[in-house]
Student: 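Supplied in structure tokens, the structure appears directly below.
We number each residue from 1, following the sequence as shown.
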Amino acid sequence: MTEEKMTNIAPYSDEEVPQVMEALAGSETFRGIYEYLFPGTSDEDFRQKLNSLHTVKDWQYKIIYHAIEEIFRRSTMEVHTTGLDLLEDGENHLFMSNHRDIVLDSAILNYQLAKAGLETSRIAIGDNLLVSPIVTHLAKLNKSFLVRRNVPPKEMYAYSQELSSYIRSSIVNDGESVWIAQREGRTKDGNDRTQQGLLKMLTISGDKDLIKNLSELRITPVAISYEYDPCDMLKVQERWAKQADHNYRKKPDDDLKSMITGINGMKGRVHLSVSSALDEELSLLESTKVKNTQLAMLAEMIDRRIHQTYHLWPINYVAYDMLMNDKRFKDTHYNTSEEQSARNYFHHKLEGMDHERAEMEKWLLEMYANPVINRYRVST
């Protein structure tokens, strides 16, 4: 991969930070974002703060760290993390996560890593989400690297090689962990599944055999669980629109709307679970020499970890019982009060729906019930 191509993909370096701070200082849009995070800040204090930021770590610890805490305060009841004790300082990982929220999935992981005294990770972000220069600045300051969407088929293999090389170089050569979603785009139905094509992309860099190339990356599954998904009805409505119009294309501001809703919307309780790296398990791939079978096995390993460690809330069990017209989990996983609260939540979300209400209700319940179905599938 050429240095020019690497630079186009890469997050901002420390050397670029002062120039970006100058751009942000002159942006009314960013001034409004800053006022939201730091209410009552004078223009002079605003400029002094930005002038004091000289490195990416300065930005993350003095701005992003506080921003995440403010988001927690405004839109969550509590946030828990498990598995960070499995990580050691100086180790680099490919954190492969289920994907529910455009911004917060990776941001919460990095916040918890920083809080534990560990280095934050680089973040894979689709270039379709960079809807303005300010969003691009904020993403690249926060160690995000760009993943091209809608690559022409004739360019796909060459681009996959470039992206794979960048991720491998980040982990093996640069000493940087990487966060990447287990699939392109957010899971719309709560059924978290690893995209086999993504795993194939990861294997095409490296000069060793498939298993050794994977071992170098130290794939570490991550599961994030929001009690309430602020974008749940946006996802249901998108699903409905795609069913009604097979040529459906999202509007230019749809992703921005989802980003803002995901950040500001009430999430209730949040749980982040980090698993140990898939090291010893990779030896199981030696049972076959067929690459596609090996990748399917690896996808199942990652899914299993995510489904096992995904934190299930009472609303998930209520959704399952409502979907199945059952009381299987009543009293063991939710009580009468929790059931009524969940039913009220679903009723409120579906208010105003007309002829499509029945199908939308089914999809909404599936979104919350599928994690339960996946948990019991892997446990049996």
Student: Testing the 3.5 Å rule here: is there a donor-acceptor pair between the side chains of K143 and T120?
Tutor: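 Yes - a donor-acceptor pair under 3.5 Å links their side chains.
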
Student: Give, for atom CD1 of I224 and atom OG1 of T309, the distance between the pair rounded to the nearest 0.5 Å.
Tutor: 11.5 Å

Student: Can you see whether S75 engages K267 through a side-chain donor-acceptor pair at a distance of less than 3.5 angstrom?
Tutor: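 A donor-acceptor contact under 3.5 Å links the two side chains.
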
Student: Going through the distances and angles, do K235 and D229 end up as a salt bridge (charged side-chain N to carboxylate O under 4.0 Å, His left out)?
Tutor: CA-CA 10 Å; K235 294 175 182 178; D229 183 344; 2.7 Å; yes

Student: Salt bridge check: are R183 and D192 linked by an N-O gap of less than 4.0 Å?
Tutor: no

Student: Tell me, please, whether Y310 has R375 positioned over its six-membered ring: NZ or CZ under 6.0 Å from the ring centre and within 45 degrees of its axis?
Tutor: no

Student: Any side-chain donor paired with an acceptor under 3.5 Å for D105 and S97?
Tutor: no

Student: May I ask you to check whether Y368 and Y320 place their ring centres under 6.0 Å from each other?
Tutor: no

Student: Between D255 and K250, is a side chain to side chain contact (heavy atoms under 4.5 Å, CB included) present by the stated rule, with each step listed?
Tutor: CA-CA 8 Å; D255 286 326; K250 288 195 290 187; 2.7 Å; yes

Student: S27 side chain to F30 main-chain N or O, any donor-acceptor pair under 3.5 Å?
Tutor: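 Between the backbone of F30 and the side chain of S27 there is a qualifying donor-acceptor contact (under 3.5 Å).
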
Student: Can you tell whether the side chains of E339 and K327 come within less than 4.0 Å, N to carboxylate O?
Tutor: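 Looking at K327 together with E339, the answer is yes, because their closest N to O distance falls below 4.0 Å.
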
Student: Report the C-alpha distance between D45 and S42 in whole Å, list the side-chain angles of each, state the deciding distance to 0.1 Å, and finish with yes or no for side-chain hydrogen bond (donor to acceptor under 3.5 Å, both in side chains).
Tutor: CA-CA 5 Å; D45 289 341; S42 68; 3.2 Å; yes

Student: Please examine the side chains of T81 and I108, heavy atoms only from C-beta on, and report whether any two atoms are closer than 4.5 Å.
Tutor: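 Of all side-chain heavy-atom pairs linking T81 with I108, none is under 4.5 Å.
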
Student: Given the ring of Y36, does R31 sit roughly above its face, with NZ or CZ under 6.0 Å from the centre of the six-membered ring and within 45° of the axis?
Tutor: no

Student: Would R47 and E22 satisfy salt bridge (charged side-chain N to carboxylate O under 4.0 Å, His left out), going step by step from the backbone distance to the final call?
Tutor: CA-CA 9 Å; R47 290 186 174 276; E22 187 176 336; over 6 Å; no

Student: For the residue pair N110 / S121, report whether a side-chain donor-acceptor contact shorter than 3.5 Å exists.
Tutor: yes

Student: Does either side chain, that of S13 or that of E16, offer a donor lying less than 3.5 Å from an acceptor on the other one?
Tutor: yes

Student: Judged by atom type as modelled, is there a donor-acceptor pair below 3.5 Å linking the side chain of D209 to the main-chain atoms of I211?
Tutor: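 Pair found, side chain donor or acceptor close to backbone of I211.
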
Student: More than 12 heavy atoms of other residues, nucleotides or ligands under 6.0 Å from CG of N150: is that the case?
Tutor: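 Open: at most 12 neighbouring heavy atoms sit under 6.0 Å from CG of N150.
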
Student: Tell me if the centroids of the rings in H99 and W179 come within less than 6.0 Å of each other.
Tutor: yes

Student: Name the one of V318, I315, L350 that satisfies side chain to side chain contact (heavy atoms under 4.5 Å, CB included) with Y345?
Tutor: I315

Student: For the residue pair Y166 and F145, categorise the inter-ring angle as parallel (less than 30°), tilted (30 to 60°) or perpendicular (more than 60°).
Tutor: tilted

Student: Over all heavy atoms of both residues, which pair between V135 and V131 is shortest? Give the atoms and the distance, please.
Tutor: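 Looking at all heavy atoms of both residues, the closest pair is CG2-CG2, 3.9 Å.
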
Student: Do we see a donor-acceptor contact under 3.5 Å between the side chains of N213 and T203?
Tutor: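 No, T203 and N213 have no side-chain donor paired with an acceptor closer than 3.5 Å.
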
Student: Going through the checks in order, is the side-chain hydrogen bond (donor to acceptor under 3.5 Å, both in side chains) test met by R193 and N374?
Tutor: CA-CA 10 Å; R193 297 288 172 185; N374 285 331; 2.9 Å; yes

Student: Answer yes or no for R100 and Y226: cation-pi contact, defined as NZ/CZ to six-membered ring centre under 6.0 Å and angle to ring axis within 45°.
Tutor: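 Here R100 fails the 6.0 Å and 45° test against Y226.
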
Student: Can you see which heavy atom on A67 is nearest to which on L37, and at what distance?
Tutor: CB-CD1, 3.7 Å

Student: Under the criterion salt bridge (charged side-chain N to carboxylate O under 4.0 Å, His left out), I'd like the reasoning laid out for D127 against R149: C-alpha separation, chi angles, the key distance, then a yes or no.
Tutor: CA-CA 6 Å; D127 62 357; R149 302 297 191 209; 5.7 Å; no

Student: Please work out whether the ring planes of H80 and H271 are parallel, tilted or perpendicular, with thresholds of 30° and 60°.
Tutor: tilted

Student: Could you check if a side-chain atom of D14 sits within less than 4.5 angstrom of a side-chain atom of D58, using non-hydrogen atoms only?
Tutor: no

Student: Kindly indicate, with the supporting measurements, whether the criterion salt bridge (charged side-chain N to carboxylate O under 4.0 Å, His left out) is fulfilled by E216 and K212.
Tutor: CA-CA 6 Å; E216 279 188 342; K212 289 180 180 177; over 6 Å; no

Student: Is the count of non-hydrogen atoms from other residues, nucleotides or ligands lying under 6.0 Å from E280 atom CD greater than 12?
Tutor: no

Student: Is the closest basic N to carboxylate O distance between E69 and R74 below 4.0 Å?
Tutor: no

Student: Using only heavy-atom distances, determine whether the side chains of Y317 and E338 contain a donor-acceptor pair under 3.5 Å.
Tutor: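 No donor-acceptor contact under 3.5 Å links the two side chains.
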
Student: Do E176 and N92 get their side chains close enough for a donor-acceptor pair, meaning under 3.5 Å?
Tutor: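 Short answer, no.
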
Student: Say whether D321 and Y334, considering side chains only, have a donor N or O and an acceptor N or O under 3.5 Å apart.
Tutor: yes

Student: For the ring pair F329 and Y376, is the centre-to-centre distance below 6.0 Å?
Tutor: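 Ring-ring flag for F329/Y376: true, centres closer than 6.0 Å.
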
Student: Could you report the tightest heavy-atom contact between N370 and D189, atom names first, then the distance?
Tutor: ND2-O, 2.8 Å

Student: Below 4.5 Å, heavy atoms only, C-beta onward: do V274 and T220 meet side chain to side chain?
Tutor: yes

Student: Minimum heavy-atom separation for R377 to E300, with atom names?
Tutor: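 Shortest heavy-atom contact: NH1-OE2, 3.5 Å.
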
